[in-house]
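Residue numbers begin at 1 in each chain, while the letters A, B, ... track the order of the sequences. What you see below is based on every heavy atom in this structure, not just the backbone, and it leaves out hydrogens, waters and symmetry mates.
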There are 2 protein chains.
Amino acid sequence: MDQFFRSRDGGASPLDSARAVRPAARKARPAIRAENERALLEAAEQVFAEEGFGGATTAAIARRAGVPKANLHYYFVTKDALYRAVVERVLTAWLAAAASFDGSDDPREALAAYIGAKMDLARAMPLASRIWSAEIMRGAPMIQDFLDTTLTDWVAARETSVRRWIAAGKLKPIDAKVLFYMIWATTQQYANAAHEMATLNGGRPLDDAAFERAKRQVIATIVDGVTA
Amino acid sequence: MDQFFRSRDGGASPLDSARAVRPAARKARPAIRAENERALLEAAEQVFAEEGFGGATTAAIARRAGVPKANLHYYFVTKDALYRAVVERVLTAWLAAAASFDGSDDPREALAAYIGAKMDLARAMPLASRIWSAEIMRGAPMIQDFLDTTLTDWVAARETSVRRWIAAGKLKPIDAKVLFYMIWATTQQYANAAHEMATLNGGRPLDDAAFERAKRQVIATIVDGVTA
DNA sequence: TATAAGTTTGACCAAATGGTCAAATGACGT
DNA sequence: ACGTCATTTGACCATTTGGTCAAACTTATA
């Protein structure tokens with residue numbers, strides 16, 4: 001995973017090796033450490049999602065996690081490292097969802113599974129999803145390597161599938177990238193614009209039933225829109 | 001327009017009256033003022049788009065505009081007011097694009113016109129579009145009134161059109177809101193994720209021809225996906 | 001050209017920022 | 001019980017932040 005990350009200045013990062021997150025731990029206290037890192041990551045996710053990387057402050061994150069700021073810096077040496085750890089979690093989830101594209105040889109099934117997984121991801125991890133979107137909007141300073149390697153390869157491979165489906169007369173002659181951009185945008189929307197949706201829903205967030213209806217409609221629209 | 005805006009603390013804003021932007025101007029020098037405000041807004045758009053509201057600094061904006069920071073504060077009393085002015089520009093453009101939905105009684109034509117207009121907006125004003133998305137992602141602290149009033153009304157009215165089209169058998173039985181979320185997300189994507197798209201395009205931004213192809217495919221997918 | 005207003009700008013400020021440090025505290029194996 | 005090392009934390013720091021101010025400078029007009 002770490003190979004996807006580089007520090008914002010492009011130079012070597014103290015996190016280039018996973019171990020480096022913790023200060024040379026010979027006898028780490030796993031329970032304490034795990035709980036503190038969890039609380040800090042959860043707080044960081046909230047603050048980064050609300051304020052963006054630049055607007056978030058380590059003081060606000062520490063306050064929300066209920067620890068002194070110095071303790072935050074004990075577990076995550078810099079704000080950058082903490083942010084990186086948060087982004088890393090989303091990346092893992094992103095890759096898991098991506099795998100669901102490959103469960104079927106039928107484009108309708110593959111697309112439905114993938115769109116459904118991405119919708120569920122946006123629903124289950126709205127804060128992390130928003131951070132992911134914000135990271136991409138800002139030009140992906142933290143995940144450029146992921147874009148250049150894993151994502152490029154993933155898209156290229158799926159483009160091949162799409163071309164095969166087109167040749168088999170199962171899909172219209174579409175550009176696979178445009179299709180993926182549409183899927184990514186539409187599914188992310190359910191995390192990014194949750195507040196806007198709530199406003200247009202009479203001030204209440206989408207309940208589970210409404211979300212499931214939306215998921216079905218999104219799947220149906222895209223699938224029907226691209227199948228021949 | 002000003003009725004859409006409220007200050008971040010919800011209290012009265014010095015910008016609630018348009019005139020208040022400038023310090024009691026009896027004999028403003030229009031040429032100088034217009035040029036300075038233009039340069040500052042352009043610089044602000046770049047910096048806000050790159051860094052987000054929280055990450056942007058007035059010093060960086062002033063530097064990019066080529067004026068001393070104190071001069072920035074002469075034209076825009078606070079960072080908040082400058083941000084508000086930037087958002088106001090996008091709102092105007094958003095409303096103009098929205099109008100293109102109403103040019104036809106046929107859903108295929110109305111949707112094609114609206115999606116095309118939103119695509120063109122994302123292409124023509126990518127920075128402003130990104131700021132708009134970021135604003136919505138952050139819970140719309142600046143445009144809540146717009147969401148509550150104009151947008152709510154706009155969506156409600158178009159939902160009526162959609163229902164009529166469904167009853168006439170021209171559209172599948174869809175939820176109009178879900179359709180609009182999809183349109184907003186997909187079109188915004190061409191501003192928000194321009195960098196990601198460039199990476200997947202071999203490092204080069206989409207050229208005009210590729211963009212026009214994408215526009216056609218987006219329109220075709222959505223229209224074919226929702227028409228009966 | 002005097003004047004009154006609009007404009008420009010360097011110097012300044014209090015508060016907040018990310019980060020450091022050393023001393024104190026706690027837990028665990030022996 | 002003790003030594004060791006992980007953990008905790010208040011105090012501290014240099015820098016940056018948004019914003020202010022008063023003095024200087026411009027320009028239209030009487």
Expected output: side-chain A:Glu37 to main-chain A:Tyr75 donor-acceptor under 3.5 Å: no
Give me the ring orientation class for A:Phe48 and A:Phe53: parallel if the planes are under 30° apart, tilted from 30 to 60°, perpendicular past 60°. parallel
For A:Trp184 and A:Trp154, take the angle between the two ring planes, folded into 0 to 90°, and tell me which bin it lands in: parallel under 30, tilted 30 to 60, perpendicular over 60. tilted
By side chain to side chain donor-acceptor pair (under 3.5 Å) - contacts of B:Ser100 (at least two apart): none
Close side-chain approach of A:Thr78 to A:His73, heavy-atom, < 4.5 Å: no
Test of understanding: with salt bridge (charged side-chain N to carboxylate O under 4.0 Å, His left out), list the residues that count as partners of A:Lys177, not counting sequence neighbours. A:Glu159
Winner on side-chain proximity to A:Pro68, out of C:dT8, D:dT7, D:dG10, is D:dG10
Hey, is the main chain of B:Leu147 close enough, under 3.5 Å, to the side chain of B:Thr152 for a donor-acceptor pair? yes
With a 4.0 Å cutoff (strictly under), does any side-chain N or O of B:Arg33 reach OP1 or OP2 of C:dG6? no
Taken to the nearest whole Å, CZ/B:Arg63 to P/D:dG18 is 11 Å
A:Ile61 atom CD1 is separated from C:dT17 atom C1', nearest whole Å, by 13 Å
Looking at residues at least two apart in the chain, or sitting in another chain, which of them share a salt bridge (charged side-chain N to carboxylate O under 4.0 Å, His left out) with B:Glu50? B:Arg64
Verify the contact: side-chain N or O of A:Asn36 to OP1 or OP2 of D:dA6, cut-off strictly under 4.0 Å; return yes or no. no
Can you measure B:Leu82 atom CG to D:dG19 atom C1' for me and round it to whole angstrom units? 14 Å
What residues in residues 39-48 of chain B put a non-hydrogen atom under 4.0 Å from any atom of DNA chain C? none
Separation of C:dT9 atom P from B:Ile32 atom CD1, nearest Å, is 11 Å
Taking protein heavy atoms under 4.0 Å as touching, what does nucleotides 18-24 of chain C look like 5' to 3' if B marks base contact, S marks sugar-phosphate-only contact and - marks none? BBBB---
I need the OH-P distance between A:Tyr74 and D:dT7, as an integer number of Å. 4 Å
Any idea which of D:dT8, C:dT8, C:dT9 is nearest the A:Asn71 side chain? D:dT8
Partners meeting salt bridge (charged side-chain N to carboxylate O under 4.0 Å, His left out) with B:Arg63 (sequence neighbours left out): none
